[in-house]
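To keep things clear, I will list the structure first and then write my remarks on it.
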Amino acid sequence: PPPERQINLSNIRTGALARRAPQSQPDQKDTPDEPYAFQAREFLRKMLIGKEVCFTVEVKTVLGREYGMVYLGRDTTGENIAESLVKEGLANVRREGIRGNNPDQVRLCDLEDQAKASKKGMWAEGGATNTVRDLKYSIDNPRNFVDSLHQKPVNAVIEHVRDGSMVRALLLPDCYLVTVMLSGIKCPTFKREMDGTETPEPFAAEAKFFTESRLLQRDVQIILESCPNQVILGTILHPNGNITELLLKEGFARCVDWSMAVYTQGAEKLRAAEKSAKERKVRIWKDYVAPTANLDQKDRQFVAKVMQVVNADAIVVKLNSGEYKTIHLSSIRPPRIEGEEKNKDKDKRFRPLYDIPYMFEAREFMRKKLIGKKVNVTVDYIRAATTASETSSVPAFAERTCATVSIGGINIAEALVSKGLATVIRYRQDDDQRSSHYDELLAAEARAIKNGKGLHSKKEVPIHRVADISGETQKAKQFLPFLQRAGRSEAVVEYVFSGSRLKLYMPKETCLITFLLAGIECPRGSRNIPGNTQVAEPFSDEAMAFTKELVLQREVEVEVESMDKAGNFIGWLHIEGVNLSVALVENALSKVHFTAERSSYYKTLASGEEAARLRKEKIWANYEEKPVEEVVHVSEEKERTANYRAVYVTEITDAMHFYTQDVETGTQLENLMETMRSEIASQPPVEGSYAARRGDYCIAKFADGEWYRARVEKVESPAKVHVFYIDYGNREVVPSTRLAVIPPAFSTRTLAAQATEYAFAYIQVPQDEDVRAEVVDNLVRDIQNTQCLLNVEYSGASCPHVTLQFADSKDDVGLNLVKEGMVMVEVRKEKHLQKMVTEYLNGQDSAKSARLNIWRYGDFRDDDADEFGYKLKK
C-alpha cells in the first residue's frame, strides 16, 4: 500500500468528535461530540473523500505533527479547505497566533467575522445541542436488531477498516456504531501477538488498503444479513459495485461456507469470482493447484451411460471407449446407520440396502432416474486412496473419482439431498476437494431439513421387510405355485452371478430369489470347489458382461416354469420385448438346451442358434458340421426365397422396427371395427368401471375419439396406463377412464391381432439416438401409412428381419437407405443370402464414394464408429 500522511489545518479549530471510554477503564465515561464537530467532519468528508488535493506544510512539531493548508485540486489555486470551514461557521480561527502581515490569516479572520454576522453554523443563536449525535456503541440484542431490519438496505458511513473483510460502520440516521463482517468471505488478517504488536498475514495489508481506498468514509448501503455469536454479518453495497465480489475476484479473499449461507446477493457469484482468481493464480492463490489439474479435458468432463447404481452415492458408467468406471457423487454422504444400531440384532444378517433407513429409497431414486441413461459427468476432485491403520476402525478406500453427475440439467446429488435421501459433507475451510455446486447442495439440505424430508423427517422411518429365499428350498417350494400361476411377474435384477444366473427382487412379493434362465446352456465361470478351482469355460465372462449390460438393475418380466433342487427358480426373462435366453443364443454366447424343446420359444431359439452356428462366432468359432448335415443344409438353403406379399405399414418405432397389416385381411379388420364401434355406440361402456391389469386385452379410445383393440402393457396408476394397439402397432399412455372391456365377439379369437412387428434385414440400426432419429424420420416420410411389398429374409431376437419394396417402383426401401448413406450394412454369413449382401455392400460403396451423410467425413469404421452412432461387428 502507498504511504499515508496526516495534515492538520493551520490557524483553525473545530469541535472534537465523540470518543468511547477504554473498555479496560470502566470508571471513565464516553466523551460526546462537541457542538458542530460532526457537521464539520461531514462537510469535509463530502467535499474531499475520493478527490485529489494539494497541500503545503507550514509547521512541523517536535512530535512530528504537521500543520498546513489543504487545497482542492492539483495546485494552490483550488478551494482553501480551512477557509471553507470558517466561512460555513464550522470552525473558529485561532486568533492568538495571528500576525497582521500574513494575508491568509487576515482572510480567515474576515471570513469568521462574516460567518458570525450571518449567524452561520456555530454562530447561530441556540440549537447547538441539536448538532450532537446520540451515538450508540453497543446493541443489547444484536440478533433482534438485525432481524428487525428484515434485510433491507440501511444507509451508513464506513468509519474504520479493520481488515479487508471487517469494517466499523455508522448506521444512519440512528447513529449505531457497529462492526460488520462481510458475509461469505474472509480476507487475510492481522494477528495480534503477546506483546501487543500485530503481524500481518500475507496480503493482509494489501486487502485492507483495497477496501479502505474504496469504502473508508464513503456513503454506502449495508444489508445486515445475520448475527451468529454476536457477530454481525452483512453485505456492503456501493454505487460502483459489490466489495465482497471484488475482493474475491482480485484474490484478496476466499469463500467461507458458514457465512455464505446467509449471503443474499447470490452465492454462485462469489464462487465464480473465487474461481476466476484461482484460475488466474492471483495474490493468495499464487500457488494454487486445481484438484483436477492433472486430468485431461476429456477426463474432466464427459458423457457416459449409467450401467449400475452401486450405492446411494456411487454409480458405474460405461465410457465411449467401452471402459467401465466408478463415479462417486461429490460432497454427499448416503444414509448410514450408527454402530450400536447395526449390532442391535446380531442373529440377523445385516443387509445395508434394506436395513439402513432410506438407503433403499435413495438407491431406487437413482436407479429409476439413471439406469441405461446417458449422463453428463464433471469431475470435481480425485480422493486419494487411504490405508486402514491398525489403531483406527476406518476402512481402507481405493482412489475415488468424485464428480457432479447431471441428467437433463438436473444435478443428481442436489436432487438426492433435497429429498432428504443424502446429507452434505462438511469440510475444513482450506479443503478445496468439494463439489463445484457445493452451495446448491447446502441450500438443498437446508430446504430438506426445513420441510422434514427423508432423513430429516420426524415420522417413523420406512421399514423394508424383504425375504431372501435364495437357496431356501422349503420356502421356494411354497412360493413356486404362486409364481407359476402369476404368469409374467415384474422384477428388478439386483445381481448377475453369470450369463444365465441372476438375483431378482420381486417388488409385489417383497422377496429376493435366485433365477436361472430356461432353455439354454451358458458357459460357466470359474468356481472354487473343495481343494481346487474350477477353470472358467470360454466366453463365460463375455456372457456375463452381455447379461449385465442388458438387464442389471433394470425392470424386467419373468415367467417361472420350475425350480431346481437348490431352491433356484427356472424360467424366462423378458426386457423391453427381448427374451434374454434368445438374445444370448443369437449372440453366440449360449447353446440351446434340450429342455427348451417343449417351450413355445423353441422355434426362435433354434433358428437363432442356427444363425450363430453359421456365422461361427464365439462359442461356435471351432464348430464343424457333420458332412451329411452339411449336404442337407446346402440343398435346403441353396436359393434365397423371394415371396413378396402386399402389406400396409402402420407404425415405425424409434428402434427402426415397424408394424404392418396384411392387405389380404384388411377388409376383415375394417368390418370388425365398424361392427364393434356400432355396438359400443348403442351400449357405451361405463366410464371408470374398467380396472386395467397388465397383459389384459381391452378397447381404448384413441385421440381421434374412436375405439380400438389394445393390450395393457403396464399400469403406473389409474391415470397412467400404458397400452399397445394390437391392430396398428402404436403405443400410448392413457387414463383408465379411456379403457373398457373388449366385447367377446371382437376378441383376438375372432380375428387375431393384425399388427405384426418386423425389422429391416441386412442393415445395422445406429446406436446413436440422433442418427437413428434422422433415419426414422426418413422412413416415416417414405413408408408410414403406405402399401408396400414384404419378404421375410431371416429370423431375429424379437421379430423377423425383412426386405421391403415400394409398391409402385419395386425399389428396396432398406437398400435405398444404404445408397443414401443413412445406414451401414449388416453382413450376413449365410450362403443363400450372399447375393443380397453383395448388392447392399455395392450400394454402401457407392454412398461412401459420394461421401453421403454418415460417409461425409470418409470411412470412419476403423477407429471411431462409436462417434457416428455405430457399433462395429467384430
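None of the values given here were measured: they were computed from a predicted structure. Here, residue 1 is the first one in the sequence, and each next residue gets the next number.
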Legend entry - Summary of salt bridge (Lys or Arg N to Asp or Glu O under 4.0 Å) pairs that have at least one residue in residues 655-668, sequence neighbours excluded: R645-D662
Legend entry - Contact list for residues 665-675, test side-chain hydrogen bond (donor to acceptor under 3.5 Å, both in side chains), sequence neighbours left out: T665-Q754
Inset, instruction - Return the orientation label for the Y659 and F724 ring planes: parallel under 30°, perpendicular over 60°, tilted otherwise. - result: tilted
Legend entry - Parallel, tilted or perpendicular, as decided by the 30° and 60° cut-offs, for the rings of W572 and Y601: tilted
Legend entry - Residues forming a side-chain hydrogen bond (donor to acceptor under 3.5 Å, both in side chains) with Y505, sequence neighbours excluded: none
Inset, instruction - Assess the pair F760 and Y762: is the distance between their ring centroids shorter than 6.0 Å? - result: no
Legend entry - Listed partners of Y644 passing side chain to side chain contact (heavy atoms under 4.5 Å, CB included), at least two apart: R640, A642, L789, N791, E793, T803, Q805
Legend entry - Cation-aromatic face contact R613/W620, 6.0 Å, 45 degrees: yes
Legend entry - Criterion side chain to side chain donor-acceptor pair (under 3.5 Å) against H722, the qualifying member of R694, E713, E716: E716
Legend entry - Pair listing, salt bridge (Lys or Arg N to Asp or Glu O under 4.0 Å) test, anchored in residues 535-553, at least two apart: K318-E549
Inset, instruction - For the residue pair H801 and Y794, categorise the inter-ring angle as parallel (less than 30°), tilted (30 to 60°) or perpendicular (more than 60°). - result: parallel
Legend entry - Member of N816, L852, N853 meeting the side chain to side chain contact (heavy atoms under 4.5 Å, CB included) criterion with M822: N853
Inset, instruction - Just do the side chain to side chain contact (heavy atoms under 4.5 Å, CB included) check on F302 and N320 with the steps written out, would you? - result: CA-CA 9 Å; F302 52 88; N320 285 337; over 6 Å; no
Legend entry - Sequence neighbours excluded - side-chain hydrogen bond (donor to acceptor under 3.5 Å, both in side chains) pairs with any residue from residues 647-658: H657-E757
